[in-house]
Amino acid sequence: MLKQFLSKLPRKTPKPDPDESCRAGSSRSDDSPRAAGRTNRQHGGGSSAAAKRTSASAVFPASTVSVIEPLVPFKDVPSSEKMNLFVSKLSLCCVTFDFTDPGKNTVEKEVKRRTLVELVDFVSSCGSSRFGEPAILAVCRMCAINLFRVFPPNYRSNRGGENDDDEPAFDPAWPHLQLVYELLLKFITSNCLDAKVAKKYIDHSFILRLLELFDSEDPRERDCLKTILHRVYGKFMVHRPYIRKSINNLFYRFVFETERHNGVAELLEIFGSVISGFALPLKEEHKIFLWRVLIPLHKPKSMGVYFQQLSYCVTQFVEKEPKLASIVIRGLLKYWPITNCQKEVMFLGELEEILEAINMVEFQRVMVPLFWRIGCCINSLHFQVAERALFLWNNDHIVNLIAYNRQVILPIVFPALEKNSQGHWSQAVQNLTHNVRKMFVEMDEKLFLACHSQFKEEEAMLSAAAEKRKEAWKQLEHAASLQPVIGNTPVLVSPI
């Protein structure tokens with residue numbers, strides 16, 4: 001079968017015409033197998049040689065076959081012809097196949113796979129020769145044909161990442177896609193590629209299509225895309241503002257419109273390394289990104305899928321400019337989850353990382369609303385939330401901040417501590433609560449006793465108010481029972 005397939009290729013190629021070579025390098029849709037099929041139907045009654053060329057064009061682009069034999073190994077051609085052979089092999093790989101049927105076009109798929117391996121090896125060992133514009137164009141064209149595709153609706157049916165037991169969807173075409181991604185990565189990182197020349201072909205349109213692929217459900221593909229986009233960001237400095245803006249738009253659409261995207265974690269991981277390279281003082285653009293993008297990313301239900309990368313990005317900002325800590329804490333309090341206990345635990349973990357980097361001035365700006373929320377968490381009936389809130393007192397830096405501002409903080413959290421010690425259902429939470437109470441007693445016993453006395457007074461006042469309210473309702477019930485029933489007047493029915 002393989003011999004029959006290879007016999008369709010021309011064994012001897014004429015000398016390429018310069019104009020024809022130029023047309024071959026810039027040809028696009030006419031090189032597709034569909035166009036070749038139309039040619040075959042139009043010239044079905046031609047000679048045997050024409051029939052062979054048409055058959056070859058059904059598998060490989062006709063313009064490539066006419067220039068140079070694409071299956072010749074690189075070691076069998078002189079150095080002056082290697083770049084032409086490189087372009088021919090790239091055009092050969094522009095033919096795509098259906099991988100949903102493993103038994104279809106097996107020979108052609110194997111030929112393409114071996115050719116892709118050759119191309120990867122050639123780019124890895126290109127030596128001192130530079131890639132010209134025809135080669136750059138051919139690489140970008142081949143990658144666009146093989147990689148840029150629209151995912152079907154059922155392929156994009158992301159359920160928000162709430163069920164971690166779901167198996168990821170793997171693309172059946174991955175054996176070829178992986179080689180194409182590897183080729184693109186090695187091509188971008190190659191010293192033989194001049195960024196000033198390549199930026200005309202790896203342009204905004206190419207980058208935008210690359211970003212769209214991050215919605216793939218295949219985690220292997222997203223991992224390759226993450227590495228490639230990071231290398232593009234590092235090599236093409238002129239494209240950096242556009243890449244940041246395009247990723248921001250993806251985040252905006254995810255947070256405020258769809259809440260569905262598979263590649264948020266990978267995009268945030270890229271931004272994590274980008275943020276670490278920001279110069280000080282931070283530009284206003286970067287601070288806006290923190291407030292308008294990173295903080296609202298705490299809102300979606302699927303935050304657990306990308307929480308680690310998001311927390312790292314936020315922490316990077318706070319470490320670079322500690323003044324942003326109060327802004328971040330206000331943002332967390334704004335989007336604090338009320339009914340999602342797992343998210344609440346994650347928020348408390350991120351809050352601890354931010355408090356480790358905060359200074360005293362910024363801490364004092366947010367400590368009142370912050371510890372009011374922490375007090376609510378201490379009283380949570382979910383034991384993980386209560387434990388995680390009480391674990392904050394295991395951090396020495398946070399304890400020092402609390403000790404310095406104990407006159408403000410202890411009156412806020414004391415009622416929560418007292419209620420926990422009186423009757424929380426979890427023994428572990430009660431033990432942690434007693435430890436925190438003991439720490440406050442050691443800090444300032446006089447203040448602790450004053451807060452305890454005030455708490456008892458407030459409890460007595462609340463109890464008296466409850467009794468008064470109960471007595472008022474009894475009087476109303478008694479007064480209502482003495483009124484005669486007339487027409488449609490509502491009647492108070494006493495409980496049995």
Side-chain angles (χ1 to χ4, degrees), residues 185 188-189 195-196 199 202-204 206-208 210-211 214 222-223 225-256 261 263-300 303 305-335 346-347 349-363 365-366 397:
L185 175 61
I188 291 173
T189 57
K196 294 181 180 179
K199 69 180 181 181
I202 303 178
D203 55 4
H204 289 179
F206 187 91
I207 292 170
L208 189 61
L210 207 63
L211 285 171
F214 275 90
R222 298 199 303 269
D223 193 60
L225 285 164
K226 175 187 67 178
T227 307
I228 290 171
L229 186 63
H230 191 261
R231 296 296 183 270
V232 170
Y233 188 90
K235 188 154 191 169
F236 299 91
M237 296 184 64
V238 67
H239 292 328
R240 289 183 180 182
Y242 180 78
I243 293 174
R244 292 197 300 268
K245 180 181 177 182
S246 299
I247 296 178
N248 287 357
N249 291 336
L250 284 176
F251 288 148
Y252 288 143
R253 193 177 303 117
F254 169 72
V255 173
F256 300 109
H261 198 282
V264 175
E266 286 78 11
L267 292 170
L268 284 172
E269 193 169 342
I270 294 172
F271 251 110
S273 59
V274 170
I275 293 169
S276 63
F278 284 164
L280 295 176
L282 291 174
K283 296 180 181 178
E284 192 64 25
E285 169 200 348
H286 304 325
K287 295 179 182 179
I288 291 174
F289 168 74
L290 170 65
W291 180 249
R292 294 185 180 177
V293 177
L294 293 183
I295 298 300
L297 276 172
H298 290 80
K299 179 182 177 182
M303 188 195 74
V305 176
Y306 55 84
F307 169 72
Q308 184 178 357
Q309 294 83 356
L310 176 61
S311 178
Y312 178 76
C313 289
V314 173
T315 307
Q316 286 283 307
F317 268 105
V318 176
E319 289 178 355
K320 278 191 168 292
E321 193 164 323
K323 291 182 179 179
L324 296 174
S326 59
I327 297 176
V328 171
I329 291 175
R330 288 193 187 99
L332 290 178
L333 295 176
K334 177 181 179 181
Y335 293 104
M346 289 187 280
F347 270 55
E350 184 176 359
L351 186 63
E352 182 175 2
E353 293 183 5
I354 296 169
L355 290 176
E356 285 181 353
I358 199 171
N359 57 41
M360 186 63 69
V361 175
E362 297 300 318
F363 177 77
R365 290 179 178 176
V366 294
H397 180 67

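Every value quoted in this text rests on a predicted model; they were computed, and no experiment measured them.
- Residue-environment remark: NZ (Lys320) exceeds the threshold of 12 foreign heavy atoms within 6.0 Å.
- For the pair Gln309 and Ala265, the tightest heavy-atom approach, listed with the atom from each and the gap, is CG-O, 3.5 Å.
- Residues Ile243 and Phe236 form no side-chain contact, since every pair of their non-hydrogen atoms from C-beta on lies 4.5 Å or further apart.
- The shortest distance between side-chain heavy atoms of Leu229 and Ile247 falls below 4.5 Å.
- Among Tyr306, Phe347, Tyr335, the single residue meeting the ring-ring contact (aromatic ring centres under 6.0 Å, His included) criterion with His298 is Phe347.
- In this structure the side chain of Val314 never reaches within 4.5 angstrom of the side chain of Leu332, judged on heavy atoms.
- A distance-only check finds a donor-acceptor pair linking the side chain of Thr189 to the backbone of Leu185 [under 3.5 Å].
- Atom CD of Glu353 has more than 12 neighbouring heavy atoms from other residues, nucleotides or ligands inside a 6.0 Å radius.
- Using a 4.5 Å heavy-atom threshold, the side chains of Gln316 and Phe278 count as separate.
- Between Pro296 and Phe251, the closest side-chain pair of non-hydrogen atoms is not below 4.5 Å.
- Contacts classified as salt bridge (Lys or Arg N to Asp or Glu O under 4.0 Å) and involving residues 266-295 (residues at least two apart or in different chains) are given here: Arg222-Glu266, Lys226-Glu269, Arg244-Glu285, Lys287-Glu321.
- Side-chain rings of His204 and Tyr242 approach one another, their centers coming within less than 6.0 Å.
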